[in-house]
Every structure is written in structure tokens, then in C-alpha cells.
**Student:** 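Have a look at this one before I ask anything.
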Amino acid sequence: MDGEHTDHDESEHEERTIIQSGRNFEEEYRLDASEAGEFLIDLGEQLRDGDELTIVADEWELPFAFGEPVELEIDYDGMGEPELEIELELPGRTDEEAPAVE
């Protein structure tokens, strides 16, 4: 089958869907703690090193230019089955400038 092109080859090379402004998007994952930790390390490095980040999965890509301040919320529920929730909220960056005062 040298040189033959199959539908399977085409699907392997399809590009990811880019999640853009004007669209709502949500994904939820159940991971091992080590996998979640690796994700948070990678995310933290992008937050530390710039003002843009990109999250990528097999089928989609989400580029995001973030602004300041970043909101970090820690919520601990120690009743019943204890649960710790850590939420990070990144505002979108705006390129707007203040008007001039004359």
C-alpha cells in the first residue's frame, strides 16, 4: 500500500478546534492526583512566564490572553466527607486604553 492515501490518514492530520471568544466551553476531567499536579505545574509555568496561556486536548485548543488581578479561591468543607476546592479565575486581558485628558 505504498503511496496510497486512506481516510484514516486524513483523520490523523485533522486540526484541533480552536475555542474562540464569543463561545461558551466547559470540560470536566476526573484524574489521578499526579496527573492533576502535572497539569497545575504546566499551567503555573504559563501564568508565571507570560500573559497568555494555551490549554490543549486531543480535539480542541483554548488560547487565552489573561489580565490582572487573578482571583484565587480556597474552599474547604470539613463536614461529612471532607473536600477541598481550589478555584482560579483569570479575567480576559483588554487592549483598551484610557481616554486622553486635555
**Student:** When rounded to the nearest 0.5 angstrom, what is the spacing between CD in Glu61 and CZ in Arg16?
**Tutor:** 6.0 Å

**Student:** Examine Ile41 and Val70 and state if one hydrophobic cluster contains both, with Ile, Leu, Val, Met, Phe, Trp and Tyr joined whenever side-chain heavy atoms are less than 4.5 Å apart.
**Tutor:**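 No: no chain of side-chain contacts under 4.5 Å links Ile41 to Val70.
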
**Student:** How many angstroms lie between OG1 in Thr54 and CG in Asp42, if you round to the nearest 0.5 Å?
**Tutor:** 12.0 Å

**Student:** Measure the spacing between CD1 of Ile86 and CD of Glu73 and express it to the nearest 0.5 Å.
**Tutor:** 11.0 Å

**Student:** Please report the interatomic distance CD(Glu59) to CD(Glu15), rounded to the nearest 0.5 Å.
**Tutor:** 14.5 Å

**Student:** Could you check whether atom CD of Glu87 has more than 12 heavy atoms from other residues, nucleotides or ligands sitting under 6.0 Å from it?
**Tutor:**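 For Glu87, atom CD is crowded (more than 12 foreign heavy atoms under 6.0 Å).
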
**Student:** My understanding is that only residues two or more places apart in sequence, or in another chain, count here; which of them pass side-chain hydrogen bond (donor to acceptor under 3.5 Å, both in side chains) with Asp51?
**Tutor:**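 For Asp51, the residues satisfying side-chain hydrogen bond (donor to acceptor under 3.5 Å, both in side chains) (neighbours in sequence not counted) are Arg93.
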
**Student:** Under 4.5 Å between side-chain heavy atoms, hopping through other hydrophobics if needed: is there a path connecting Phe66 to Leu88?
**Tutor:**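 Shared cluster, yes.
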
**Student:** Can you check whether Asp32's main-chain N or O pairs, donor with acceptor, with Glu35's side chain at less than 3.5 Å?
**Tutor:**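 Looks like yes, one N/O pair under 3.5 Å.
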
**Student:** For Phe25, check ring-ring contact (aromatic ring centres under 6.0 Å, His included) against everything at least two apart and list the hits.
**Tutor:** Trp60

**Student:** I need the Gln20 CD to Phe64 CZ distance, nearest 0.5 Å.
**Tutor:** 14.0 Å

**Student:** State plainly whether one hydrophobic cluster holds both Val56 and Leu62, where clusters connect Ile, Leu, Val, Met, Phe, Trp and Tyr through side-chain heavy atoms under 4.5 angstrom apart.
**Tutor:**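 Unlinked, Val56 and Leu62 end up in two clusters.
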
**Student:** Counting C-beta onward and ignoring hydrogens, is there a side-chain heavy-atom pair between Pro63 and Ile18 closer than 4.5 Å?
**Tutor:**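 Yes, at least one pair of side-chain atoms sits under 4.5 Å.
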
**Student:** Between Leu90 and Leu53, is the side chain to side chain contact (heavy atoms under 4.5 Å, CB included) condition met? List the steps.
**Tutor:** CA-CA 11 Å; Leu90 306 170; Leu53 60 87; 3.6 Å; yes

**Student:** In Å and rounded to the nearest 0.5 Å, what is the CD1 to CZ distance from Ile19 to Arg23?
**Tutor:**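 One gets 3.5 Å once the value is rounded to the nearest 0.5 Å.
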
